[in-house]
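Since we're looking at a predicted model, the values are computed, not measured. Position 1 is the first residue of the sequence, and the numbers go up from there.
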Amino acid sequence: MTDQLPNLDTSLTTGTLVDADVHKPRILLLYGSTRERSFSRLLVEEAARLLEHFGAETRIFNPSGLPLPDDAPVDHPKVQELLELMQWSEGQVWCSPERHGAMSAVFKAQIDWVPLALGAVRPTQGKTLAVMQICGGSQSFNVVNQLRVLGRWMRMFTIPNQSSVPKAYLEFDQHNRMQPSALYDRVVDVMEELVRFTLLLRERPDLVDRYSERKESAEALTQRVNQRSI
């Protein structure tokens with residue numbers, strides 16, 4: 001793996017953060033552009049390499065072919081792929097380009113397909129989240145701020161660190177690899193932090209065990225019992 005990370009000074013990292021007796025953190029990465037040379041995809045691919053170096057298992061969802069929300073049945077293959085990955089993951093990385101001062105429609109459409117609950121399963125609640133954005137011009141934090149709001153709405157733990165890459169067309173070489181810079185180092189920081197928080201929080205489902213939801217479940221159970229007794 002280290003030969004895939006030419007910009008990383010491995011003498012300053014501990015390598016894997018995951019003990020051998022536990023399963024690797026499962027991290028889903030989403031990006032917000034279907035362009036052939038999508039810089040949000042390239043940044044996500046760099047992030048995935050780093051996550052695997054730190055001991056995580058990664059999967060990247062390709063949004064190409066995903067229909068608009070409510071414009072296709074939920075059993076559409078791309079929708080099902082996304083929902084299955086949402087449930088599989090223990091942490092996520094969201095990366096969107098900035099379009100007109102906001103996250104892209106391509107990115108938002110992915111989240112809009114995800115309900116707060118799938119049957120009895122809440123697909124994002126209690127999972128960790130790292131946010132990143134790509135800028136075509138000067139550095140902005142509009143998108144990462146919006147992604148934080150969106151992550152909170154999806155009941156996720158968004159980690160403190162984040163990445164915003166200005167003038168992205170200057171940051172990737174002809175081989176589509178991110179060049180060495182302080183911006184790359186920040187991506188390393190974010191991914192290392194995400195793995196640490198995911199390991200810490202995935203063993204604590206009680207942190208998001210809510211009274212209102214327990215009450216709702218108890219009432220639903222009582223209602224089913226009463227219906228069977230009629």
Side-chain angles (χ1 to χ4, degrees), residues 1-20 22-33 38-62 85-86 88-98 103 107 110-111 124 126-135 139 141 143-148 150-151 154 156-166 168 171-173 175-203:
M1 175 60 66
T2 55
D3 60 343
Q4 297 184 38
L5 300 169
N7 302 334
L8 184 67
D9 185 346
T10 55
S11 69
L12 299 177
T13 73
T14 57
T16 182
L17 301 171
V18 184
D19 293 336
V22 299
H23 75 268
K24 295 181 176 182
R26 299 189 295 266
I27 307 296
L28 170 63
L29 300 96
L30 305 179
Y31 60 94
S33 170
S38 162
F39 290 113
S40 61
R41 174 178 56 81
L42 297 183
L43 186 57
V44 153
E45 289 174 352
E46 290 291 343
R49 295 183 186 99
L50 289 163
L51 288 167
E52 291 174 5
H53 173 73
F54 292 127
E57 180 182 357
T58 67
R59 297 186 188 177
I60 299 173
F61 177 74
N62 180 356
L85 288 172
M86 281 283 169
W88 167 85
S89 68
E90 296 171 320
Q92 297 185 18
V93 176
W94 293 355
C95 180
S96 174
E98 182 171 316
M103 73 181 77
F107 187 87
Q110 295 172 74
I111 304 304
T124 53
K127 298 181 179 183
T128 52
L129 172 64
V131 296
M132 304 193 296
Q133 78 172 80
I134 286 291
C135 308
Q139 191 173 45
F141 300 95
V143 170
V144 287
N145 289 336
Q146 293 171 348
L147 293 177
R148 286 183 177 277
L150 188 56
M154 300 304 288
M156 304 177 79
F157 289 111
T158 307
I159 67 171
N161 218 334
Q162 62 188 26
S163 169
S164 174
V165 179
E171 298 302 324
F172 292 86
D173 63 22
H175 303 295
N176 291 330
R177 295 300 306 271
M178 194 171 184
Q179 302 188 82
S181 68
L183 295 168
Y184 176 83
D185 294 345
R186 173 59 67 89
V187 178
V188 177
D189 291 345
V190 175
M191 295 309 116
E192 186 175 40
E193 188 173 289
L194 177 63
V195 172
R196 292 185 188 279
F197 271 89
T198 304
L199 290 169
L200 179 68
L201 293 172
R202 73 177 182 179
E203 304 302 330

Q: Could you give the distance from CZ (Arg177) to CG (Leu42), rounded to the nearest 0.5 Å?
A: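 Rounded to the nearest 0.5 Å, the CZ-CG separation comes out at 10.0 Å.
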Q: Heavy atoms, side chains only, cut-off 4.5 Å: are Ser163 and Leu183 in contact?
A: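 The answer is no, as the side chains (C-beta and beyond) never meet within the 4.5 Å cut-off.
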Q: Which atom pair, heavy atoms only, marks the closest approach of Leu199 to Glu203?
A: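 Taking Leu199 first and Glu203 second, the nearest heavy atoms are O-CG, 4.0 Å.
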Q: Could you report the tightest heavy-atom contact between Pro160 and Glu193, atom names first, then the distance?
A: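 Of all heavy-atom pairs spanning Pro160 and Glu193, the closest is CD-OE2, 3.2 Å.
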Q: Excluding sequence neighbours, so at least two apart, what forms side-chain hydrogen bond (donor to acceptor under 3.5 Å, both in side chains) with Thr16?
A: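 If we apply the side-chain hydrogen bond (donor to acceptor under 3.5 Å, both in side chains) test to Thr16, skipping adjacent residues, there are no hits.
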Q: Could you tell me which residues satisfy side-chain hydrogen bond (donor to acceptor under 3.5 Å, both in side chains) with Glu45, sequence neighbours excluded, listed by chain and number?
A: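 For Glu45 the side-chain hydrogen bond (donor to acceptor under 3.5 Å, both in side chains) partners, ignoring immediate neighbours, are Arg41.
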Q: Would you say the side chain of Gln92 lies within less than 4.5 Å of the side chain of Met86, judging by non-hydrogen atoms?
A: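 Side-chain contact under 4.5 Å: yes.
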Q: Minimum heavy-atom separation for Gly151 to Leu129, with atom names?
A: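 Minimum heavy-atom contact is CA-CD2, 3.7 Å.
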Q: List for me each residue that meets salt bridge (charged side-chain N to carboxylate O under 4.0 Å, His left out) alongside Glu90, sequence neighbours excluded, and say none if there are none.
A: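 Listed in chain order: Arg26, Arg202.
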Q: For residues Leu8 and Tyr184, determine if any side-chain heavy atom of one lies less than 4.5 Å from a side-chain heavy atom of the other.
A: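 Side-chain contact under 4.5 Å: yes.
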Q: So how far is it from Leu5 CG to Leu50 CG, rounded to the nearest 0.5 Å?
A: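 Interatomic distance, Leu5 CG to Leu50 CG, rounded to 0.5 Å: 5.5 Å.
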Q: Kindly write out the residues that satisfy side-chain hydrogen bond (donor to acceptor under 3.5 Å, both in side chains) with Thr58, not counting sequence neighbours, or none if the list is empty.
A: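 Partners of Thr58 by the side-chain hydrogen bond (donor to acceptor under 3.5 Å, both in side chains) criterion, ordered by chain and then number, come out as Glu52.
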Q: Measuring from Phe54:CZ to Thr198:OG1, what's the distance to the nearest 0.5 Å?
A: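 Separation between the atoms: 12.5 Å.
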Q: Considering non-hydrogen atoms only, spot the tightest contact between Ser33 and Pro97 and give its length.
A: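 For Ser33 versus Pro97, the nearest heavy atoms are CB-CG, 4.3 Å.
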Q: Tell me if a side-chain donor or acceptor on Arg186 pairs with a main-chain N or O of Asn161 at a distance below 3.5 Å.
A: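 Between the backbone of Asn161 and the side chain of Arg186 there is no qualifying donor-acceptor contact (under 3.5 Å).
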Q: In Å, rounded to the nearest 0.5 Å, how long is the span from CZ of Phe61 to CG of Leu28?
A: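 Here the interatomic distance stands at 8.5 Å.
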Q: Do Leu147 and Gln162 touch side chain to side chain, with heavy atoms closer than 4.5 Å?
A: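 A side-chain contact under 4.5 Å is absent here.
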Q: Who passes side-chain hydrogen bond (donor to acceptor under 3.5 Å, both in side chains) against Asn62, sequence neighbours left out?
A: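 Asn62 satisfies side-chain hydrogen bond (donor to acceptor under 3.5 Å, both in side chains) with Tyr31 only.
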Q: With a 4.5 Å cut-off on side-chain heavy atoms, are Thr158 and Trp94 touching?
A: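 A side-chain contact under 4.5 Å is absent here.
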Q: Do the non-hydrogen side-chain atoms of Gln146 and Ser96 ever get within less than 4.5 Å of each other?
A: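 They are not in side-chain contact.
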Q: Counting N and O atoms only, with roles assigned by atom type, does the side chain of Gln139 sit under 3.5 Å from a partner on the main chain of Ser164, one being a donor and the other an acceptor?
A: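 Yes; judged by distance alone, with no hydrogens or angles, the pair exists.
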Q: Using only atom types and a distance under 3.5 Å, with no angle test, would you say the side chain of Asn7 pairs donor to acceptor with the backbone of Met178?
A: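 Yes, because the side chain of Asn7 sits within donor-acceptor range (under 3.5 Å) of the backbone of Met178.
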Q: Flag the pair Met191 / Val93 as yes when at least one side-chain heavy-atom distance between them is below 4.5 Å, and no otherwise.
A: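 They are in side-chain contact.
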Q: Side chain of Glu98, backbone of Cys135: donor and acceptor closer than 3.5 Å?
A: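 No, the answer is negative, given that no donor and acceptor are paired below the 3.5 Å cut-off.
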Q: Can you find a heavy atom in the side chain of Cys95 that is under 4.5 Å from one in the side chain of Leu29?
A: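 The answer is no; the side chains never approach within 4.5 Å.
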Q: How far apart are the C-alpha atoms of Leu30 and Ile111, what are their side-chain angles, what is the distance that settles it, and do they pass the side-chain contact (heavy atoms from CB on, under 4.5 Å) test?
A: CA-CA 10 Å; Leu30 305 179; Ile111 304 304; 3.9 Å; yes
Q: Heavy atoms only: give me the nearest Ser40-Gly32 pair and the separation to one decimal.
A: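 So the two residues come closest at OG-N, 3.4 Å.
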Q: Below 4.0 angstrom, N of the basic side chain to O of the carboxylate: do Glu46 and Arg49 qualify?
A: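 Yes, this pair counts.
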Q: Report the residues that fulfil ring-ring contact (aromatic ring centres under 6.0 Å, His included) with Phe39, sequence neighbours left out, ordered by chain and then residue number.
A: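 For Phe39, the residues satisfying ring-ring contact (aromatic ring centres under 6.0 Å, His included) (neighbours in sequence not counted) are Phe172.
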Q: Look at the side chain of Arg148 and the backbone N and O of Val143, then say whether any donor-acceptor pair between them is shorter than 3.5 Å.
A: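 No; zero donor-acceptor contacts below 3.5 Å.
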Q: In a check of side-chain contact (heavy atoms from CB on, under 4.5 Å) between Val131 and each of Asn145, Val144, Leu150, which one passes?
A: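 Among Asn145, Val144, Leu150, the one that satisfies the side-chain contact (heavy atoms from CB on, under 4.5 Å) with Val131 is Val144.
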Q: Give the minimum heavy-atom separation between Val190 and Ile159, together with the two atoms involved.
A: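 Taking every non-hydrogen atom into account, O-CD1, 3.6 Å.
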